[in-house]
Amino acid sequence: MPARREPVAALPAPRPLARAALPADTTALARFLLGKLVLRRLGRTLLRGRIVETEAYLVGDAACHAFRGRTLRNAALFLERGHCYVYLAYGTSYMLNVSSERAGIGAGVLIRALEPLAGVAEMQERRGTARRLDLTRGPGRLAQALQIDRGLDGIDLCTEGPLWLGDDGTLVDAASIGRSIRIGITKDAERPLRFYLRGNPFVSGPRRLNG
DNA sequence: AGTGCGATTGACT
DNA sequence: GTCAATCGCACTA
């Protein structure tokens with residue numbers, strides 16, 4: 001075989017998180033997902049980022065999109081835990097969520113920020129900026145960086161495909177997790193259901209909530 | 001059929 | 001710090 005220049009050895013694609021490993025409880029899932037990986041397959045490119053900020057949206061929670069019952073729009077929230085729910089906010093920004101609880105129960109976890117780990121050049125291209133801090137800090141930004149839209153709504157995030165969840169063995173201890181009220185909502189705004197990795201520069205939100 | 005309103009972001013004073 | 005863009009949906013009539 002003639003020598004052929006290969007790109008830098010690609011990291012193997014992490015295998016998906018087992019659904020059985022996901023806590024069914026929505027708040028527990030929001031904490032569990034901190035430090036885990038989001039993998040996005042775009043052709044030959046595998047984008048990856050570490051989850052550094054989440055919010056829980058519970059059953060009986062007026063801020064949860066499933067609060068008023070199941071519709072065509074929010075149906076993915078009612079899938080068994082570990083499925084993808086994508087929402088278009090303000091007509092401008094897509095939001096990536098992980099469904100929680102049992103099938104038929106409408107609840108989920110919003111992924112609010114990632115730390116970019118691989119595919120940074122592709123993220124920069126999609127985001128139109130070179131600033132690493134601006135690639136995936138915020139729910140709308142990370143969705144744009146990973147090219148996430150309603151086409152991914154309802155897919156299984158526990159199966160390797162266009163988008164899935166993984167784990168690189170990073171440990172997150174309870175002391176490194178911060179907690180605050182959720183950002184940008186008006187209903188049930190006082191519930192402390194936002195979780196983030198303390199001190200991580202890719203966490204979004206105002207400083208007063210990130211202490 | 002019309003209206004109000006977001007789980008945001010980027011541009012600008 | 002302020003503010004407009006933008007659009008699908010739920011709600012009213």
Side-chain angles (χ1 to χ4, degrees), chain A residues 25-34 38 49 51-79 81-101 105-116 123-155 157 163 165 178-197 201-210:
Chain A
D25 177 78
T26 305
T27 305
L29 180 62
R31 301 177 66 112
F32 172 86
L33 288 175
L34 291 175
V38 172
I51 299 171
V52 299
E53 181 184 355
T54 60
E55 286 178 353
Y57 287 86
L58 312 181
V59 172
D61 171 1
C64 179
H65 290 163
F67 182 64
R68 294 176 186 283
R70 180 186 197 142
T71 66
L72 193 59
R73 207 64 183 173
N74 64 24
L77 279 175
F78 291 81
L79 298 174
R81 66 189 187 278
H83 285 79
C84 179
Y85 166 58
V86 179
Y87 169 71
L88 176 61
Y90 295 101
T92 58
S93 305
Y94 289 101
M95 308 275 135
L96 170 64
N97 294 255
V98 180
S99 71
S100 59
E101 309 290 340
I105 304 294
V109 174
L110 170 68
I111 309 300
R112 281 198 59 91
L114 302 175
E115 176 174 347
M123 295 184 196
Q124 289 170 327
E125 190 173 358
R126 295 217 63 76
R127 289 277 302 125
T129 179
R131 259 198 107 213
R132 192 154 173 267
L133 268 178
D134 287 342
L135 297 180
T136 54
R137 183 172 45 108
R141 290 169 177 162
L142 78 86
Q144 186 182 32
L146 271 54
Q147 200 175 316
I148 289 168
D149 60 26
R150 287 281 295 171
L152 296 170
D153 186 62
I155 70 164
L157 297 173
L163 182 68
L165 296 169
R179 181 171 192 166
S180 81
I181 59 169
R182 296 171 291 185
I183 293 176
I185 61 169
T186 53
K187 292 171 288 192
D188 266 329
E190 302 311 311
R191 295 196 191 199
L193 294 174
R194 170 175 176 262
F195 301 94
Y196 59 93
L197 294 183
F202 297 95
V203 172
S204 75
R207 183 177 310 242
R208 68 182 177 84
L209 294 184
N210 293 339

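Proteins come first, then strands; the chains are lettered A, B, ... in the order of their sequence lines, and each starts at number 1. Scope of the values below: all heavy atoms of this structure, side chains included, with no hydrogens, waters or symmetry mates.
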Are A:Thr136 and A:Gln144 close enough that some pair of their side-chain heavy atoms sits under 4.5 Å apart? no
Is the closest side-chain heavy-atom distance between A:Leu146 and A:Leu96 below 4.5 Å? no
Could you check how far CD1 of A:Ile148 sits from P of B:dA7, rounded to whole Å? 19 Å
DNA chain B nearest-nucleotide lookup for A:Ile185 and A:Gln144: closer to the 5′ end is A:Ile185
A:Met95 CE to C:dC7 C1', straight-line distance once rounded to whole Å: 13 Å
Rounded off to whole Å, could you give me the NE2-to-P distance for the A:His65 and C:dA10 pair? 11 Å
Determine the interplanar angle of the A:His65 and A:Tyr87 rings, folded into 0 to 90°, and report it as parallel if under 30°, tilted if 30 to 60°, perpendicular if over 60°. tilted
Nearest-neighbour nucleotide for the A:Thr186 side chain, C:dC7, B:dT8, B:dG6 considered: B:dG6
Comparing A:Arg127 and A:Cys64 on DNA chain B - which has the more 5′ nearest nucleotide: A:Cys64
Is any side-chain N or O of A:Arg194 closer than 4.0 Å to OP1 or OP2 of B:dA7? no
Just how far, in rounded Å, is C1' of C:dA10 from CG of A:Leu72? 13 Å
Within the pair A:Arg150 and C:dG8, is there a side-chain N or O less than 4.0 Å away from OP1 or OP2? no
What is the separation between atom OH on A:Tyr57 and atom C1' on B:dA7, rounded to the nearest whole Å? 4 Å
N or O in side chain of A:Thr92 less than 4.0 angstrom from C:dC7 OP1/OP2: no
Picking from C:dA10, B:dA7, C:dG8, which would you name as closest to the side chain of A:Tyr87? B:dA7
Any side-chain N or O of A:Arg137 below 4.0 angstrom from OP1/OP2 of B:dT9? no
Rounded to whole Å, the CG-P distance (A:Asn74 to C:dG8) equals 16 Å
Measure from the side-chain heavy atoms of A:Arg141 and tell me the nearest of B:dA7, B:dT9, C:dA10. B:dT9
It should be established whether A:Ser93 places a side-chain nitrogen or oxygen under 4.0 Å from OP1 or OP2 of nucleotide B:dA7. no
Would you kindly give the CD-to-P distance between A:Glu190 and B:dA7, to the nearest whole Å? 15 Å
Neighbour count >12 (heavy atoms, 6.0 Å) for atom CZ, A:Arg150: yes
With a 4.5 Å heavy-atom cut-off, do A:Phe202 and A:Leu135 have their side chains touching? no
For B:dA7, the nucleotide meeting Watson-Crick or G-U wobble distances (both under 3.5 Å) is none
Nucleotide paired to C:dT6 in any strand shown, Watson-Crick or G-U, under 3.5 Å: none
Tell me: CG of A:Leu110 to P of B:dT8, nearest whole Å? 8 Å
